[in-house]
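Encoded as structure tokens, the structure appears first; notes follow it.
Values reported hereafter were calculated over all heavy atoms of this structure, with side chains retained and with hydrogens, waters and symmetry mates removed.
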Amino acid sequence: MASQDQINSGNKDIGELVAHEKEEDSSEEYVIIPPDGGYGWVITAASFLCVLISDGILFSFGLILSELERVYDEPVAKVAWIFSIVNGISLISGPIASALSNRFSFRTVVLTGSMFGFIGLSTSALAHSVDSLFFTLGVLFGVSIGLIFTPIVVGVGFYFDKRRALATGITVCGSGAGTFVFAPIIYLLLETYAVRGTFLILSGIYLNCAVLGSLLVPLKPQRRKKLQEAVKLLEIDAVPITIEKSPIFNERKFDPKTLEQGLSNSVKSVKETQTVSVAKEQKLSSWAYWSNIFKFSLFRSPTFVLICMSSFFQSIGWFVPFVYLAAHAVETGVPKEEASFLLSIVGICSMMGRLINGWLSDHPKVSVLLLNNVGLTTSGLLIILCPFFISYELLVFYSVILGLALSCTAVTRPILLGELLGLENVNNAYGFMLVFYGVATLFGTPMAGLLYDTLGDYHGAFYLAGSSVLLSAFMCYPLGRINRWEKRRNVQKLKSPHSSE
């Protein structure tokens, strides 16, 4: 039979041990620490090449569509829907890619997207009609681009802290570089192997995205001392789980029977608590489950809602210069070969601008929001003024400035989401934002084409597109003020329960 002193001594040791473990748990945490260099640059290079391949093929689709019109003898309008479906689905599938990345990993999603693209391009070589291409190219290839682009652009930011903007800028440069590289490659393939052989070769090239995506090794959380908790912009609802205190630590004096009974009650209490928590988890609705994966709570944030609205109006006019700039130049008397070179100038300058904007965004004295607003405003004004550039020399100058201006948002948007919403929300926020881009893309360019059919020139198309982009810029002007107000409101919500006590 243990003496009273032994029992008290044992209880004291247990209490000190629990208190020590509790203190350690409260003072330390497991977090993902970006390497900010080293292997992160390998990830950046792999991401750049992935974007180069996927976007290079996508933005060189004009050459393939022209060949499809000839091979299948279909109207231009019907064949053009292939590009609209590919581009729209690739953007709309952004939230799916984000949710899958949260559930599995960036590497798994990129590998899956590579397989979708390989299947889509290879089966397109067997298609006997444009209707079949709506599925093989439009759906399968469109989904593959969405599954690759979102994890790549968002994932590279997890490997950097101080140089995150530069790494993101290098990654998205793959889009402009891909257009520059794949345009002559696809032209040569079409001349040598026809359209079916071109699809087969491109499917093999696209499969290299799986090799590059395999380099996206997930970072392991590291243990460190807990820093002062920052105020989160968004809160996720959780199921509360309460654990009852054991009688062992509630009483100051014990006898052996009390000690034995306390231990028994403690075990019973833990079991009952676990049973209650499991029951509560089972009662969670499927909506709550999917809400936690997709983070639909983001739409409670006025900051995020305004960003999505801005993205929608931006996308309505964003692709109009790429589609109609060369046609406008031909109408002003510029030869077709020189007119097509204008798009190459836009692509090259866009690539250079993304590097410059990535470097600028890393500078501590440069506001990413201001850079975003300047780029959008300049782009909108340039698109509106396009009809007034009527000579080849002026159009070359116009293409240089337009490429630099269009490059801003490609770099600043992912970084801006991280600054305003928190890094933990960037993946899902970026995916939802791409949905608004995709929906607007589906009818933005056709609206511009309808204006051309009605008015007989491209002036109305550029006026509409530029005005829409300019409206998008104006909507971003109050973002900083709204975000600060939202964070103050959340701070007050966190303090209000304590103040009532």
Side-chain angles (χ1 to χ4, degrees), residues 29-55 89-120 140-161 163-164 167-168 170-172 174 206-224 234 236 289-298 413-415 417-418 421-435:
E29 61 182 352
Y30 284 91
V31 296
I32 294 177
I33 301 177
D36 210 27
Y39 189 73
W41 292 117
V42 176
I43 298 298
T44 304
S47 302
F48 170 83
L49 292 175
C50 265
V51 175
L52 183 146
I53 293 174
S54 61
D55 278 12
I89 288 183
S90 66
L91 295 171
I92 293 173
S93 60
I96 300 175
S98 300
L100 292 174
S101 299
N102 290 338
R103 178 64 180 83
F104 302 101
S105 66
F106 293 117
R107 177 169 57 178
T108 303
V109 176
V110 173
L111 292 176
T112 305
S114 303
M115 294 305 302
F116 268 97
F118 169 75
I119 295 172
L140 293 180
F141 186 61
V143 169
S144 73
I145 293 177
L147 293 180
I148 288 179
F149 186 80
T150 303
I152 284 293
V153 174
V154 175
V156 72
F158 281 80
Y159 293 84
F160 291 89
D161 183 17
R163 299 172 180 174
R164 182 176 297 137
T168 304
I170 294 174
T171 300
V172 295
Y206 200 83
L207 202 57
N208 284 280
C209 291
V211 180
L212 298 168
S214 64
L215 298 175
L216 294 170
V217 180
L219 293 171
K220 295 181 179 180
Q222 301 181 21
R223 191 173 184 177
R224 73 174 186 185
L234 299 168
I236 301 176
Y289 174 75
W290 291 110
S291 179
N292 286 334
I293 292 180
F294 284 93
K295 291 188 179 180
F296 292 117
S297 57
L298 282 166
R413 277 300 166 94
I415 303 168
L417 290 173
L421 303 176
L423 188 60
E424 69 277 5
N425 295 311
V426 172
N427 191 21
N428 292 88
Y430 192 77
F432 282 127
M433 186 184 70
L434 291 181
V435 172

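Distance CZ/F149 to SG/C50: 11.5 Å, rounded to 0.5 Å. Distance CG/N425 to CZ/F432: 10.5 Å, rounded to 0.5 Å. Taking OG from S47 and CG from L52, the interatomic distance works out to 12.0 Å, rounded to the nearest 0.5 Å. Considering CZ of F106 and CD1 of I148, their distance stands at 14.5 Å, rounded to 0.5 Å. F160 CZ to I43 CD1: the interatomic distance, rounded to the nearest 0.5 Å, is 8.5 Å. Atoms CD1 and CD1, from I145 and I152 in turn, are 13.0 Å apart once rounded to the nearest 0.5 Å.
Looking at every heavy atom in both residues, Y206 comes nearest to F118 through CD2-N, 4.0 Å. What you find for I92 and V435 is that their closest heavy atoms are O-CG2, 3.4 Å. G117 and S144 make their closest contact through N-CB, 3.2 Å (heavy atoms, listed as atom of the first residue, atom of the second, distance). Here the closest non-hydrogen pair linking V109 and P151 is CG1-CG, 3.6 Å. For the residue pair L216 and R107, the shortest heavy atom distance occurs at O-CB, 3.3 Å. Closest non-hydrogen pair, V156 versus A167, comes out as CG2-CB, 4.2 Å.
Within a 6.0 Å sphere centred on CZ of F48, heavy atoms belonging to other residues, nucleotides or ligands number more than 12.
Counting only distance, with no hydrogens or angles, the side chain of S93 and the backbone of I96 share no donor-acceptor pair below 3.5 Å.
A side chain to side chain contact (heavy atoms under 4.5 Å, CB included) with L100 is found for exactly one of T108, T112, L147, namely L147.
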